[in-house]
Amino acid sequence: MASSLCLPYCYKPFVFRRAAKQALSSLVAFSNFTPLHHRHYRNRIFSPACASAAIDANKELRSTDLVALEYAELNLSEKISGELGHVRIRQHVNPLSSSFAMPAPIPDWNQVFRDPMLPLTVDIGSGSGRFLIWLAKRNPDSGNYLGLEIRQKLVRRAEFWVKELALSNIHFVFANASVSFEQLVYAYPGPLMLVSILCPDPHFKKRHHKRRVVQKPLVDLIINRLMPGGKVFVQSDVLEVALDMRKQFDVESCRLQHIDTTDPSMPCDDEGWLLNNPMGIRTEREIHAEFEGAKIYRRMYQKLK
């Protein structure tokens with residue numbers, strides 16, 4: 001993002017939109033800019049043409065414009081398969097449906113990853129895949145990335161993007177994580193380094209809470225498979241959901257500790273939520289929510305060594 005646009009996480013939505021629009025009007029004049037929220041990535045390079053294509057400063061600023069800017073270096077906007085076309089999806093699906101009850105087949109790890117012994121990051125509910133693709137592209141030699149997504153069209157498009165970018169350390173699987181996590185991760189030959197569950201489907205109605213992805217069986221599987229020192233990162237823009245996930249992991253204090261107890265560079269607010277996203281880039285849902293002025297509730301746990 002251009003140096004003229006340096007905004008904090010917490011802002012008043014209307015003030016933010018006005019300031020952002022003014023700053024974005026001159027964005028195409030710059031060739032170097034960083035994401036809205038991080039001071040650590042000032043070396044990311046984008047072309048003026050890419051920035052110009054991402055947003056028209058004469059139009060009203062939308063959160064989708066910010067998504068395009070944050071992920072501009074991937075240049076995915078033109079990389080959409082003709083046979084896939086426009087990918088329209090349902091926002092929420094029922095993971096307890098019989099159509100999602102079959103375990104996903106285990107990939108040939110030697111085919112999908114250049115080095116299947118590298119530490120693995122698993123993103124449960126990977127959505128469009130942009131977040132995980134960005135991480136894989138930034139870390140081509142230090143780890144592998146596996147996205148589990150229950151909406152098949154998103155998986156197909158994400159896999160298309162992976163091929164277009166010629167990445168050999170990332171793979172997406174059409175899977176119900178509650179059903180397939182165990183066999184997929186336990187079959188992986190390398191260590192499990194990190195599991196992320198970011199803004200999962202909230203399933204607000206009380207009778208639908210059983211559909212939420214973070215349940216005791218999955219928590220146990222994650223912790224059991226994590227390498228010593230491995231991490232779990234959860235976040236949501238819905239406080240009720242964030243508290244539910246927090247409760248599930250906080251109770252495992254004999255096996256997990258929150259990251260702020262061992263890493264002073266990861267401070268929390270007075271209520272114990274991480275102040276910043278530790279991953280280096282925001283998810284699309286995170287961008288949309290913060291654009292509307294919502295707070296993101298984050299927790300990161302580390303397995304005891």
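By convention here, the first residue in the shown sequence is residue 1.
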With sequence neighbours left out, write down each residue that passes side-chain contact (heavy atoms from CB on, under 4.5 Å) with Lys163, or none if nothing qualifies.
none
Hydrophobic cluster identity match, Tyr186 and Ile106, side-chain contacts under 4.5 Å
yes
Going by salt bridge (charged side-chain N to carboxylate O under 4.0 Å, His left out), name the residues that satisfy it together with Asp260, two or more places apart in sequence or in a different chain.
none
For Asn144, all residues meeting side-chain hydrogen bond (donor to acceptor under 3.5 Å, both in side chains), sequence neighbours excluded:
Tyr188
Rounded at 0.5 Å granularity, tell me how far CZ in Phe131 sits from OG in Ser126.
10.5 Å
Kindly indicate, with the supporting measurements, whether the criterion side-chain contact (heavy atoms from CB on, under 4.5 Å) is fulfilled by Arg130 and Glu70.
CA-CA 10 Å; Arg130 287 181 175 90; Glu70 192 129 349; over 6 Å; no
In this structure, OG1 of Thr262 is separated from CG of Leu304 (nearest 0.5 Å) by 9.5 Å
Which of Leu184, Val195, Val213, Asn176 passes side-chain contact (heavy atoms from CB on, under 4.5 Å) with Leu148? It is Leu184
Which residues pass the ring-ring contact (aromatic ring centres under 6.0 Å, His included) test with His258, not counting sequence neighbours?
Tyr301
Determine the sole option in Arg282, Glu286, Arg285 for which the side-chain contact (heavy atoms from CB on, under 4.5 Å) test with Gln235 is passed.
Glu286
Common cluster, Ile287/Tyr297, ILVMFWY with side-chain heavy-atom separation under 4.5 Å
no
Give me the atom names and distance for the closest heavy-atom approach of Met279 to Leu135.
O-CD2, 3.7 Å
Where Cys199 and Asp237 come nearest, the two heavy atoms and their spacing
SG-OD1, 3.9 Å
Please list all pairs meeting salt bridge (Lys or Arg N to Asp or Glu O under 4.0 Å) that have one or both residues in residues 220-233, counting only residues at least two apart or in different chains.
Lys216-Asp220, Asp220-Arg255
For Phe233, which residues count as a ring-ring contact (aromatic ring centres under 6.0 Å, His included) partner, sequence neighbours excluded?
none
Contact check, side chains of Val232 and Leu226, non-hydrogen atoms, under 4.5 Å:
yes
Under a 3.5 Å cutoff, is there a donor and acceptor pairing between the side chains of Arg212 and His209?
yes
Other than Val251, what residues sit in its cluster of Ile, Leu, Val, Met, Phe, Trp and Tyr side chains whose heavy atoms are under 4.5 Å apart, directly or through others?
none
Mind checking side-chain contact (heavy atoms from CB on, under 4.5 Å) for Ala166 and listing every partner two or more places apart, or none if nothing turns up?
none
How far does CG of Leu194 sit from CD1 of Ile222, to the nearest 0.5 angstrom?
10.0 Å
Does any part of the side chain of Leu146, heavy atoms only, come nearer than 4.5 Å to the side chain of Trp109, both counted from C-beta?
yes
Verify the cluster assignment for Leu221 and Val234: are they in a single hydrophobic cluster under the rule of side-chain heavy atoms below 4.5 Å apart?
yes
Tightest non-hydrogen contact, residues Val241 and Ser236, listed as CB-OG, 3.7 Å
Show the numbers, then the answer: is there a side-chain contact (heavy atoms from CB on, under 4.5 Å) between Leu198 and Asp123?
CA-CA 8 Å; Leu198 310 179; Asp123 187 28; 4.3 Å; yes
First locate atom CG of Leu239, then atom CZ of Arg246, and finally report the distance between them rounded to the nearest 0.5 Å.
9.5 Å
With side chains defined as the heavy atoms from C-beta onward, is the minimum distance between Ile124 and Leu218 less than 4.5 Å?
yes
May I ask you to test the Ile150-Val155 pair for a side-chain heavy-atom distance under 4.5 Å?
no
Can you name the closest pair of heavy atoms from Ile223 and Glu252 and give their distance?
CD1-CG, 3.5 Å
Contact between Met266 and Gln302 at the side-chain level, heavy atoms closer than 4.5 Å - yes or no?
no
side-chain contact (heavy atoms from CB on, under 4.5 Å) filter on Glu271, not counting sequence neighbours, yields Asp269, Trp273, Lys295
Which other residues belong to the hydrophobic cluster containing Met117, where Ile, Leu, Val, Met, Phe, Trp and Tyr are joined when side-chain heavy atoms lie under 4.5 Å apart, directly or via other members?
none
Measure across Ala175 and Ala104 and return the closest heavy-atom pair with its distance rounded to 0.1 Å.
CB-CB, 3.8 Å
For Met193, the side-chain contact (heavy atoms from CB on, under 4.5 Å) test, sequence neighbours excluded, returns Pro119, Thr121, Met227
Hey, does Pro107 have a side-chain heavy atom less than 4.5 Å from the side chain of His171?
yes
Stepwise side-chain contact (heavy atoms from CB on, under 4.5 Å) check, Met300 with Leu274:
CA-CA 8 Å; Met300 177 174 274; Leu274 282 174; 3.8 Å; yes
CD1 (Ile296) and CG (Asn276) are apart, to the nearest 0.5 Å, by 12.0 Å
Are the side chains of Arg157 and Ser128 in contact, using a 4.5 Å heavy-atom criterion?
yes
Salt bridge (charged side-chain N to carboxylate O under 4.0 Å, His left out) involving Asp141 - partner list, sequence neighbours excluded:
Arg114
Is there a side-chain contact between Met245 and Pro200, using heavy atoms and a 4.5 Å cut-off?
yes
Show the numbers, then the answer: is there a salt bridge (Lys or Arg N to Asp or Glu O under 4.0 Å) between Asp65 and Arg62?
CA-CA 5 Å; Asp65 299 324; Arg62 301 171 299 173; 3.6 Å; yes
Which heavy atom in Ser180 sits nearest to a heavy atom in Met102, and how many Å separate them?
OG-O, 4.3 Å
Atom pair CG/CG of Leu118 and Asp115 - distance to nearest 0.5 Å
4.0 Å
Going through the checks in order, is the side-chain contact (heavy atoms from CB on, under 4.5 Å) test met by Ile133 and Tyr71?
CA-CA 10 Å; Ile133 291 172; Tyr71 287 94; over 6 Å; no
